[in-house]
K.L.:
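This is the structure, below, for whatever I ask next.
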Amino acid sequence: MTQETGKPPQKQHFAVATDGGLDAFEGLNNAVPVAPFSVNFGDKSFRTDEISRADLFRELETNPQHPTSSQPTPQEWADAIREAGSPQVLAVTISAGLSGSRNAADQAKSVVEGIEVRLHDSGTLSAAQAFQVHAVQTAAMQGESLERALEWARAVQKETELYFTIETLEYLRRGGRIGRVQATLGGLLNLKPVITVDKATGAYTNVSRARSYKGGIEAVGQQVTRTYGEGTPLRVGLLFGSVREDADVLLEQLKGRHPIVWSGAVGINPVLNVHTGPRALGVAAAPGKWPWERENQ
């Protein structure tokens, strides 16, 4: 049965693959082949499907070398595309403004003979990427065309926002990814930012700030409410770093201002955690029902 309709799965016209920018939720159709990123500590390298969050936090605490991340290779993308097991595959990538994964996926197209590959830049990452993977995988499971799947993905992309806050900017600074975030904060690194992915550039930008990490969590929730309006029903995909309870705190705040029609929570994956640092909190939010549910009303 499909999660969305309760009907038997239809004949699939295409399959879906994605990359390690995804934070997958059990409650969404996110079980697709993944081209993994790698996390590097000096000469030690781990594929993100080979290192646990606990091991990552241990490395962050004990390894004097600052971690870096590496995008999937074209070969790793080719492996994920083949694993999808279809002559037509839709590859959903992390924002090209944050990673070269899309370019690697494009190179993989020449390696996978006999498979037509379409690329879709999610323009985002993490839980917001998960929402788009859910959209296209739902379309595939319902026997929809690839073009229809892309329509749903673009609709989800347009209506979904991703916000997160972090306990320290040090990891973003060391990784060279602070960019517009630092500029907006004016260099006051003791402030806790609320960061989003700019829809025009696909890169990080700051939308708010707080004087404490607890205040940062509150600011994330307030930003969600400012974006969608108090009382708007929401779907929320919550993200947490080293402290699971951070996600619970944010969910309770949102429940006080919005009907929550769906929620899920997942630990931030290792490749993203090397940039946020251990303690971080985020949410992907979107209003009301999924686009295909609204079509059927």
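For clarity, every value in this text was computed on a predicted model and none was experimentally measured.
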K.L.:
Starting at OG of S145, measure out to CD of Q88 and round the result to the nearest 0.5 Å.
P.N.:
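One finds 8.5 Å between OG of S145 and CD of Q88.
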K.L.:
Taking only Lys NZ, Arg NE, NH1 and NH2, and the carboxylate oxygens of Asp or Glu, determine whether R148 and E295 approach each other closer than 4.0 Å.
P.N.:
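The answer is yes: the pair qualifies as a salt bridge.
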K.L.:
Shared ILVMFWY cluster between V243 and L254, side chains joined below 4.5 angstrom?
P.N.:
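Not linked; separate clusters.
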K.L.:
Between K109 and E116, is there a side-chain N and carboxylate O pair less than 4.0 Å apart?
P.N.:
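Looking at K109 and E116, the cut-off is not met.
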K.L.:
Does the pair N269 and T48 meet the rule for a side-chain hydrogen bond (donor to acceptor under 3.5 Å, both in side chains), with working shown?
P.N.:
CA-CA 8 Å; N269 80 52; T48 49; 5.6 Å; no
K.L.:
Between S242 and R279, does the side-chain hydrogen bond (donor to acceptor under 3.5 Å, both in side chains) criterion hold? Intermediate values first, please.
P.N.:
CA-CA 5 Å; S242 56; R279 193 167 187 187; 5.4 Å; no
K.L.:
From I217 CD1 over to E245 CD, what is the distance, rounded to the nearest 0.5 angstrom?
P.N.:
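Here the rounded value is 10.5 Å.
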K.L.:
Answer with yes or no whether the side chains of N40 and S70 bring together a donor and an acceptor at under 3.5 Å.
P.N.:
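There is such a pair between these side chains.
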K.L.:
Could you measure the distance from the OG1 atom of T73 to the CD atom of Q107? Nearest 0.5 Å is fine.
P.N.:
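So the OG1 of T73 and the CD of Q107 are separated by 9.5 Å.
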K.L.:
Is a side-chain donor or acceptor of K199 paired with a backbone partner of Q157 at a separation under 3.5 angstrom?
P.N.:
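Yes; judged by distance alone, with no hydrogens or angles, the pair exists.
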K.L.:
T68 versus V274: any side-chain heavy-atom pair under 4.5 Å?
P.N.:
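No - every pair of side-chain heavy atoms lies 4.5 Å or more apart.
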K.L.:
Would you give the length of the straight line joining atom CZ of F41 to atom CG of L56, rounded to the nearest 0.5 angstrom?
P.N.:
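So the CZ of F41 and the CG of L56 are separated by 5.0 Å.
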K.L.:
Tell me whether K214 at atom NZ has more than 12 heavy atoms from other residues, nucleotides or ligands lying less than 6.0 Å away.
P.N.:
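Atom NZ in K214 is not crowded, with 12 or fewer foreign heavy atoms closer than 6.0 Å.
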K.L.:
Working to the nearest 0.5 Å, report the span between CD of E151 and CD of E147.
P.N.:
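Going from CD on E151 over to CD on E147, the span is 7.5 Å.
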K.L.:
Check whether K192 reaches the backbone of E167 with its side chain - one donor and one acceptor, N or O, closer than 3.5 Å.
P.N.:
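Flag set: sc K192 to bb E167 pair under 3.5 Å.
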K.L.:
Checking the side chain of R82 only, and the main-chain atoms of I115 only, is there a donor and an acceptor separated by less than 3.5 Å?
P.N.:
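No.
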K.L.:
Please tell me whether V266 and F37 are part of a single hydrophobic cluster in this structure, the criterion being side-chain heavy atoms less than 4.5 Å apart.
P.N.:
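They do share one cluster, since a chain of ILVMFWY contacts under 4.5 Å joins V266 to F37.
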K.L.:
Using side-chain hydrogen bond (donor to acceptor under 3.5 Å, both in side chains), reason through H120 and Q132 one step at a time and then give a plain yes or no.
P.N.:
CA-CA 10 Å; H120 171 65; Q132 291 184 49; 2.7 Å; yes
K.L.:
Are L22 and V136 connected in a single hydrophobic cluster, I mean Ile/Leu/Val/Met/Phe/Trp/Tyr linked by side-chain heavy atoms less than 4.5 Å apart?
P.N.:
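Linked, V136 and L22 end up in one cluster.
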K.L.:
Which atom pair, heavy atoms only, marks the closest approach of Y228 to P287?
P.N.:
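Nearest pair, atom of Y228 first, then P287: CE2-CD, 3.6 Å.
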K.L.:
I'd like to know if the side chain of S86 and the backbone of V89 have a donor-acceptor N/O pair within less than 3.5 Å.
P.N.:
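Between the backbone of V89 and the side chain of S86 there is no qualifying donor-acceptor contact (under 3.5 Å).
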K.L.:
Membership question, hydrophobic clusters at under 4.5 Å side-chain separation (ILVMFWY): are I81 and V32 in the same one?
P.N.:
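As far as the 4.5 Å side-chain criterion goes, I81 and V32 are not connected within one cluster.
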K.L.:
Report the distance from atom OG1 of T276 to atom CD1 of I268, rounding to the nearest 0.5 Å.
P.N.:
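Result: 5.0 Å between the selected atoms.
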K.L.:
What orientation do H134 and W290 show, parallel under 30°, tilted 30 to 60°, or perpendicular over 60°?
P.N.:
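Tilted: the ring planes of H134 and W290 meet at 30° to 60°.
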K.L.:
Hey, is CZ on R226 packed in by over 12 heavy atoms from elsewhere, all under 6.0 Å?
P.N.:
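Result for CZ/R226: enclosed.
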K.L.:
Side-chain contact, heavy-atom cut-off 4.5 Å: Y213 with I166?
P.N.:
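Not in contact.
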K.L.:
Could you go through the side chain to side chain contact (heavy atoms under 4.5 Å, CB included) check for I195 and V207 one step at a time?
P.N.:
CA-CA 6 Å; I195 302 167; V207 293; over 6 Å; no
K.L.:
Is the distance between the ring centroids of F240 and F164 less than 6.0 Å?
P.N.:
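That pair fails the under 6.0 Å test.
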K.L.:
Quick one: do Y163 and S208 satisfy side-chain hydrogen bond (donor to acceptor under 3.5 Å, both in side chains)? Show the steps, please.
P.N.:
CA-CA 10 Å; Y163 300 112; S208 185; over 6 Å; no
K.L.:
Quick one: does N29's side chain have a donor or acceptor within less than 3.5 Å of a partner on Q137's backbone?
P.N.:
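No: the side chain of N29 does not pair with the backbone of Q137.
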K.L.:
Please find the pair of heavy atoms, one from P72 and one from A104, that lie closest to each other, and give the distance.
P.N.:
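Nearest pair, atom of P72 first, then A104: O-CB, 3.3 Å.
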K.L.:
Can you name the nearest heavy-atom pair linking L239 to A127, along with the distance?
P.N.:
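Looking at all heavy atoms of both residues, the shortest contact is CD1-CB, 3.8 Å.
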K.L.:
Side chains of T93 and W77 only: does a donor on one sit below 3.5 Å from an acceptor on the other?
P.N.:
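No, no side-chain donor-acceptor contact under 3.5 Å.
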K.L.:
Where do G229 and H258 come nearest, in terms of heavy atoms and distance?
P.N.:
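It is O-CE1, 3.2 Å.
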K.L.:
Whether E159 and R235 form a salt bridge (side-chain N of Lys/Arg under 4.0 Å from carboxylate O of Asp/Glu) is what I want to check.
P.N.:
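Yes, R235 and E159 are salt-bridged.
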K.L.:
Following the transitive rule for hydrophobic clusters with a side-chain heavy-atom cut-off under 4.5 Å over Ile, Leu, Val, Met, Phe, Trp and Tyr, establish whether L162 and V133 coincide in one cluster.
P.N.:
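Hydrophobic grouping puts L162 apart from V133.
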K.L.:
Of R102, Q71, Q129, which meets side-chain hydrogen bond (donor to acceptor under 3.5 Å, both in side chains) against D19?
P.N.:
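For D19, the side-chain hydrogen bond (donor to acceptor under 3.5 Å, both in side chains) test succeeds with only one of R102, Q71, Q129, which is Q129.
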K.L.:
Measure across G21 and I94 and return the closest heavy-atom pair with its distance rounded to 0.1 Å.
P.N.:
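Taking every non-hydrogen atom into account, CA-CD1, 4.0 Å.
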K.L.:
With distance as the sole test, does T196 use its side chain to make a donor-acceptor pair with the main-chain N or O of D198 at under 3.5 Å?
P.N.:
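Side chain of T196 to backbone of D198: no pair is present.
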K.L.:
I need the minimum non-hydrogen distance between F14 and A149, along with the two atoms involved.
P.N.:
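Heavy atoms only, the tightest pair is CZ-CB, 3.4 Å.
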